[in-house]
Amino acid sequence: DIAMYQAKAGGKGRVSVLDQGARGRARDKLQLVADLRAALDDGAVALAYQPLVDAGSGRPVGVEALARWTHPVRGAIGPDVFVPLAEESGLIDALGAFVVEEACRQIARWDAELGLLAPRVVHVNVSALQLDEHLPELVARTAREHGVGIERICVELTESALMRDPDGAPHVLERLRGLGVSIAIDDFGTGYSSLALLRQLPVDCLKIDRSFVSELAEGHPEITRAVAALAAGLGLSSVAEGVETEDQARVLRELGVTHLQGYGVARPMPGAACATWFAGRAR
Ligand code: C2E
Ligand code: MG
Ligand code: MG
Ligand code: MG
């Protein structure tokens, strides 16, 4: 790249400057990994919960758990940054276990507070690297420990996670499904999964990526319409992600999308605020 070219052209002195820069970045990253490891122990990583609602009635049906990290110095660091960091550094199993545990604890708490008004399902995002035989075991054990019915858990996986191990992934999904966990494909339409594979996999739900929902306003409903029809044809539910406006919600209902999620419905929020939101939506 350009920096390397300049470093070479500039001779020895430049190379050592470059090396210092690279070494500094590596040190920053190691520090951030250490901080993340500590954060998982001391409560600096938490879950926010974003509601999913029935597209027709607006009735709330569940929530998606989204990991949040508040760094003592850098402030909020998004999962787009720290999930890949956890994947690279061997912390993804610890993060994954934390997320499942915290989600189950929260469901049990909501049940105690809200009874039948509690969210019926909590969706947890699972990394490609977690998609192995330990995952069904982890979910089953954690749900049991918290007295939460396993059918209250939905695992969200991206197409690329499924395609990373096309031979092994179906077995893991079968096992999860056999236990009673439901399965959603996240960001559907942005990856490269084959439609034939979709029919073979035990999937319950397709989540239509936000990029397609935001195209609706520009007069491009084609992909959203096709995915909603595909889901309906296969007997799956469909969730539109990133619904921000009432106009989008109306078009999505017309296109036959079954569920909505997005800032226009509700933002991700802490567990207590989410309880209030669900209680306020009771009808
Ligand atoms: P995702 O699972 O597709 O989650 C949806 C993302 O879109 C979330 O970002 C959410 O806050 C955001 N979002 C929801 N509604 C709207 C909207 O109306 N407008 C816009 N602009 N954004 C909206 P977030 O929380 O930053 O998460 C980003 C990604 O990080 C997630 O994408 C998921 O892939 C990953 N992630 C989050 N939490 C976890 C986790 O606990 N484990 C793993 N493995 N990945 C996670
Ligand atoms: Mg998700
Ligand atoms: Mg998504
Ligand atoms: Mg998305």
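Counting starts at 1 for both ligands and their atoms, following the listed order.
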Quick one, Val257 and Val239 - any side-chain contact, counting heavy atoms below 4.5 Å?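 Side chain of Val257 against side chain of Val239, heavy atoms only: no contact under 4.5 Å found.
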
For a 4.5 angstrom cut-off between non-hydrogen side-chain atoms, does Val148 reach Val122?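 No, every pair of side-chain atoms sits at 4.5 Å or beyond.
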
Parallel, tilted or perpendicular, as decided by the 30° and 60° cut-offs, for the rings of Phe278 and Trp110: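 Correct class here is parallel.
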
Of all the N, O or S atoms in Glu241, which has the shortest distance to the Mg ion (ligand 3)? OE2

Which is the closest N/O/S atom of Asp187 when seen from the Mg ion (ligand 3)?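 Among the N, O or S atoms of Asp187, the one closest to the Mg ion (ligand 3) is OD1.
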
So, [X] versus [Y]: side-chain donor-acceptor pair below 3.5 Å or not?
X	Y	result
Ser211	Asp209	yes
Asp93	Gln130	no
Arg23	Gln20	no
Thr142	Glu101	no

Can you check whether [Y]'s main-chain N or O pairs, donor with acceptor, with [X]'s side chain at less than 3.5 Å?
X	Y	value
Arg68	Ala46	no
Gln248	Glu244	yes
Ser160	Gly191	no

Taking only heavy atoms of [X] into account, list the atoms of ligand 1 that are under 4.0 Å away from them.
X	result
Gln50	14 (C), 15 (N)
Pro268	11 (O)
Glu241	3 (O)
Asp187	3 (O)
Arg68	11 (O), 24 (P), 25 (O)
Glu64	2 (O), 4 (O)
Arg210	7 (O), 12 (C), 13 (N), 19 (N), 20 (C), 21 (N), 22 (N), 23 (C)

How does [X] reach ligand 1, by side chain, by backbone, by both or by neither, if only non-hydrogen atoms under 4.0 Å count?
X	value
Asp186	side chain
Ala67	both
Lys207	neither
Val99	side chain
Val83	side chain
Gln261	neither
Thr158	neither

Quick check: does Gln130 get an N/O under 3.5 Å from an N/O on ligand 1? no

Looking only at distances, can you tell me whether any N or O atom of Val126, backbone or side chain, sits closer than 3.5 Å to an N or O atom of ligand 1? no

Taking the six-membered ring of Tyr263 as reference, does the cationic atom of Arg267 (NZ for Lys, CZ for Arg) lie under 6.0 Å from its centre and within 45° of its axis?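 Yes, Arg267 lies over the aromatic ring of Tyr263.
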
Answer yes or no: does atom CZ of Arg177 have more than 12 heavy-atom neighbours from other residues, nucleotides or ligands under 6.0 Å?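 Counting neighbours around CZ of Arg177, more than 12 heavy atoms of other residues, nucleotides or ligands fall under 6.0 Å, so yes.
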
Could you check whether atom CZ of Arg250 has more than 12 heavy atoms from other residues, nucleotides or ligands sitting under 6.0 Å from it? yes

Of all the N, O or S atoms in [X], which one sits nearest to the Mg ion (ligand 2)?
X	result
Glu156	OE1
Asp186	OD2
Glu64	OE2

So which of Glu102, Glu87, Glu244 gets nearest to atom 20 (C) of ligand 1, if we judge by its closest heavy atom? Glu244

If you measure from each heavy atom of Gly78 to ligand 1, is any distance below 4.0 Å? no

Quick one: do Thr190 and Asp187 satisfy side-chain hydrogen bond (donor to acceptor under 3.5 Å, both in side chains)? Show the steps, please. CA-CA 6 Å; Thr190 61; Asp187 305 343; 5.0 Å; no

